[in-house]
Each structure stands twice: as structure tokens, then as C-alpha cells.
Number of protein chains: 2
Amino acid sequence: MALPPGWKREEVVRQSGLSAGKTDVYYITPEGKKIRSKPQLARILGETFDLSAFDFRTGRTVYSACRKSKRQKGSSYDFARGVRHDASLVLPIRQTASIFKQPVTVVRNGPKCKSKTDLKHGTQDQPKQVFWEKRLRGLRACDSSEEVIPTMDLPRQMQGIGPDLTSENVLQSISAALHVSSGPVVGQGASKQVIMKNPGINMDTQQPHVHQVVVSSDDVHRQEQRVQLARRKLQDLMGTLE
Amino acid sequence: MALPPGWKREEVVRQSGLSAGKTDVYYITPEGKKIRSKPQLARILGETFDLSAFDFRTGRTVYSACRKSKRQKGSSYDFARGVRHDASLVLPIRQTASIFKQPVTVVRNGPKCKSKTDLKHGTQDQPKQVFWEKRLRGLRACDSSEEVIPTMDLPRQMQGIGPDLTSENVLQSISAALHVSSGPVVGQGASKQVIMKNPGINMDTQQPHVHQVVVSSDDVHRQEQRVQLARRKLQDLMGTLE
DNA sequence: CGGAGTGACCCC
DNA sequence: GGGGTCACTCCG
């Protein structure tokens, strides 16, 4: 059950009355507040989360809901209904509130724009947020059985640059750069002070949000020795098995 | 407010908390016991009363509830729920516990029975309880504003005959006889002792449950004088007004 | 007065 | 018609 840490899910079967046998599902926030319905959950999380694919009853994200076109027709979730005061909490489900009206830049792929594609200025990327990783905050990768896949740790000298970046954000930034970029991935060349003064201008958008890491020949040597050590251990082990 | 004598209804407004402003309603029995809910009321009254149309919050009988089919779908009131010991008291609301399974005599009105209607044995009544008035115990007539209409008093020499009859029952018995019967209404001919020994057999079901009242010529004379006195008073009053 | 538990309405 | 949501009841 891919439930955020601190949250609890309960299932209660009605014991009597006309609705006996029916089960009620509710969630307990880390603060101990009992959530009894999806609208209430939405109210508590605020408009940051997109719960349209979240099935309150089962507690799982309904992947099918993303495909079934008719089902998702009215996918926008009405957060305004019956709004009242509730403590604001954070439940990491998915932070891309794509269903809400947001300012966007339209990128046309029609015939008229083809000339632009021919430009020799390198890859012509669509406009993107500078700190797009923040939209992933709280998202956890998990396997088909909903088991959360643990995240990687970064070496201590890899320092993220940017406002309020989590270590996860830094990892995401690097991973994406390695995956997408056609050039070398070297990190930010400017100093942290300069970048933080005005990230929107001073950040190198072609590079991940980490400071450049200097790799000395010492570092290379150490790594070589590590590899040799590992190989020797493997060799010994193989010998034992024979 | 059509509340039985000796009972009191209280309304308390919640002063603080999440439910501030909400009101709690409770009833005080003539014995001073505080009733806080409908199930508790039902437990105290026993299964004799049908509270399905009684609205605990307002303290009124909900006539609308008898019409709204969907609302009354589950009209049977679950007296068994959470039963425990409570002193037995009496609150007159309505004593016909129609919702409970009771042995009944089916009277067919279909074509096959029409011959019976033609019998020359006088009015062919449907089977009825001998002491049907008891079902009315505690029922009070009231006007459209729920004001209780006071009951009539009977002359002292009008003695009811039957087990546990209230003076109201006697009045109901006489009223019904005068209203329904096609023959003379004279009351029970047998002695009280004989009838009480076995009311089911010895009671004259065609007559109301009162002993025969002997009206002497003295009684007639007294009544005549009363009427004349009243007329004279009226005459005087009319003269004064001119 | 809070809160679990349930009825009932509403919308799909 | 059936589930989801809400409001209310009832009792600690």
C-alpha cells in the first residue's frame, strides 16, 4: 500500500441498520485527524494535489482512470464544493495539478512553424519551467504491486543549487539531464551566491541544478582502486565456489 | 405543543466547540427522568407506542412522514437496538403499534363476498376488538396549531364497564356508538359483576361500555328547568343589549 | 460537546 | 439503481 508516511487507512464494516455490511473507508492524517471522504481529503490537501486518479475507497491510484476517456471526461475535481476551514496538511500523492487552469505557453507544431525546427541552433526545446522538478515533490516511484522503490543517495559533495530544492529534486534534475541532454552534463558554472541572487536569470537552464563537481586525479585513482578491489573480491569468491 | 401532562421538553444550545450553536433536545418525564434520545424514549415506553411518526427534535408528530413514501420506507422503529433496563413509564402519543406483526383477521371485500353484504341481519360490521378504545389511549385531539382540544366530562352516574377503562375510553365508546350505531344506544344491560367475570363473552358488543343509565322523570324535569333557566337568561341579556 | 455510526439524499 | 457524500443521531 503506497501510503504516505504517517498516514493510516482504516476500513470499517457497518454492523447494523439498513446499510449493514457496507464498508466505510477513512484515512488518519499524521496529526490524527480522520478523513471520511474524498472531497474532505481534497479540501485538506488544498488545490496542489490532483486526486482525480486517486480512488478513495481502495486507496490506490487508478491508472485505468487515465485511459478511459469517458470516465475522465469530468475529471476536474470540484474543490470548491462545501469548502470550510480545515488545517492544511501535506499528503504526497501527485503534485501536478494539471486539471486546473494555469497560464501556459502554446507551442505550435503545425506546418507554419516547420522553419523553426530547421534552425541550426541545436535542439529546440519547448518552453519549460526552470524548476520543473518541484512538480514531482512527494511523488514516489513504485512497482506494479505499489511497493515504493527507494530513492538513490547522492555523494555529499554534490550540492543542489536553487530555492527550496530537496535532495530528491537534485537527483531528479541530474537524472533528467543525463537522460535528455545531447551535450556534456557538468552542472552550474556560476557561483551559488550569484545564482541564488536571481535564479531565473543566472541559472544555466541547459544544466542540472547542481554545482560543478571538481573531479581530481586523486578521485579517479581512488575509484580505480575501488574497482580493482571489487574485482579481486569477485575473483576470490569465484575461486571458493569451484 | 401537544405534550402529555407532566412531561417537559427542554432545548439547550451548545455554547462552544465545533458544534457551537447546535441545540440538544431532551424530555423530562413526570418522574423527573431526563430522556436524551428517541431510542431511549422508545425503551421507556415499551413497544406499545409507535414513535415512527414522532419527531424527537421538534416534539411533534410528523404528518408529512406518513405521505412521503420514500422517507418512511424504513418506518419500523428498531426497539431492540441497545435495549437495557429502564423504568417503565407512559407517554401518550399513539398506541397503535401498527408496524409490529400482529395476528389479524382478513376481511375480503372482493366480489365473492358480496352475498354477505346482502344479509338482512342488520349492519354487517368487520371484526373489531371488543375494547378497541384502548388503542386510542393517550391520543389527544388537537387543532391545526397543535393545541390540544380539551376532552368532555361525563356525568358521574355514567359508569364505564370493562377492564382498565379510562374515563376517556368510556367517552370514546359512547361517542362511537352514537355515531355509528343504527339502533338505540342504551349501554350494557348485564350487571357489572357478570360482565367483568368474562368481558369477552358477557359484554354486549353492540352497545358502548357503560352501564345502563336510568333516567327518572325527575331527571327529565330537572333538565327542563335548566333549559328554561338558560332561555330566560338569554332573554334578559338580549333585553340589556337593546 | 465530540465523534463513531448510520440514514438518506444526490448524482451518476 | 448503487455508491459517494454529508448530516444527524445517540451516547460516552
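Naming convention: chains lettered A, B, ... in sequence-line order (proteins, then strands); numbering from 1 in each chain.
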Interatomic distance, Gln15(A) CD vs dT6(C) P [rounded to whole Å]: 7 Å

Phosphate contact (dG3(D) OP1 or OP2) by Arg57(A) side-chain N/O below 4.0 Å: no

Any Arg43(B) side-chain nitrogen or oxygen under 4.0 Å from OP1 or OP2 of dC11(D): yes

Side chain of Lys38(A) - closest among dC10(D), dT6(C), dT5(D): dT5(D)

Phosphate contact (dA8(C) OP1 or OP2) by Ser19(A) side-chain N/O below 4.0 Å: no

Distance in angstrom units between Tyr26(A) OH and dG3(C) P, rounded: 13 Å

Flag side-chain contact, heavy atom, 4.5 Å: Glu168(A) against Thr151(A): yes

Value rounded to 0.5 Å, distance of CD1 in Ile35(A) from CZ in Phe56(A): 7.5 Å

Closest nucleotide among dG2(C), dC1(C), dT6(C) to the Leu18(B) side chain: dG2(C)

Separation of atom CD1 in Ile44(B) from atom C1' in dC10(D), rounded to whole Å: 14 Å

Residue-phosphate contact under 4.0 Å: Ser37(B) side-chain N/O, dT9(D) OP1/OP2: no

Distance, rounded to the nearest Å, where Arg14(A) contributes CZ and dT9(D) contributes C1': 13 Å

side-chain hydrogen bond (donor to acceptor under 3.5 Å, both in side chains) contacts in which one or both residues fall within residues 17-26 of chain B, not counting sequence neighbours: Arg14(B)-Ser19(B), Arg14(B)-Asp24(B), Thr23(B)-Arg57(B)

Phosphate-side-chain proximity, Arg36(A) and dC6(D), N/O vs OP1/OP2 below 4.0 Å: no

Phosphate-side-chain proximity, Lys34(A) and dG3(C), N/O vs OP1/OP2 below 4.0 Å: no

Separation of atom CD1 in Ile35(A) from atom P in dG3(C), rounded to whole Å: 13 Å

From dC1(C), dC6(D), dG4(D), nucleotide with atom closest to Lys22(A) side chain: dG4(D)

Gap between atoms CG and P, on Asp55(A) and dG4(D) respectively (whole Å): 8 Å

Whole-Å distance separating the CG atom of Asp24(A) from the P atom of dG7(C): 11 Å

Residue list, side-chain hydrogen bond (donor to acceptor under 3.5 Å, both in side chains) with Glu11(B), at least two apart or on another chain: Arg9(B)

Test item: Lys38(B) side-chain N/O and Phe54(B) main-chain N/O as donor-acceptor pair under 3.5 Å: yes

Interatomic distance where CD belongs to Gln40(A) and P belongs to dG3(C) [whole Å]: 12 Å

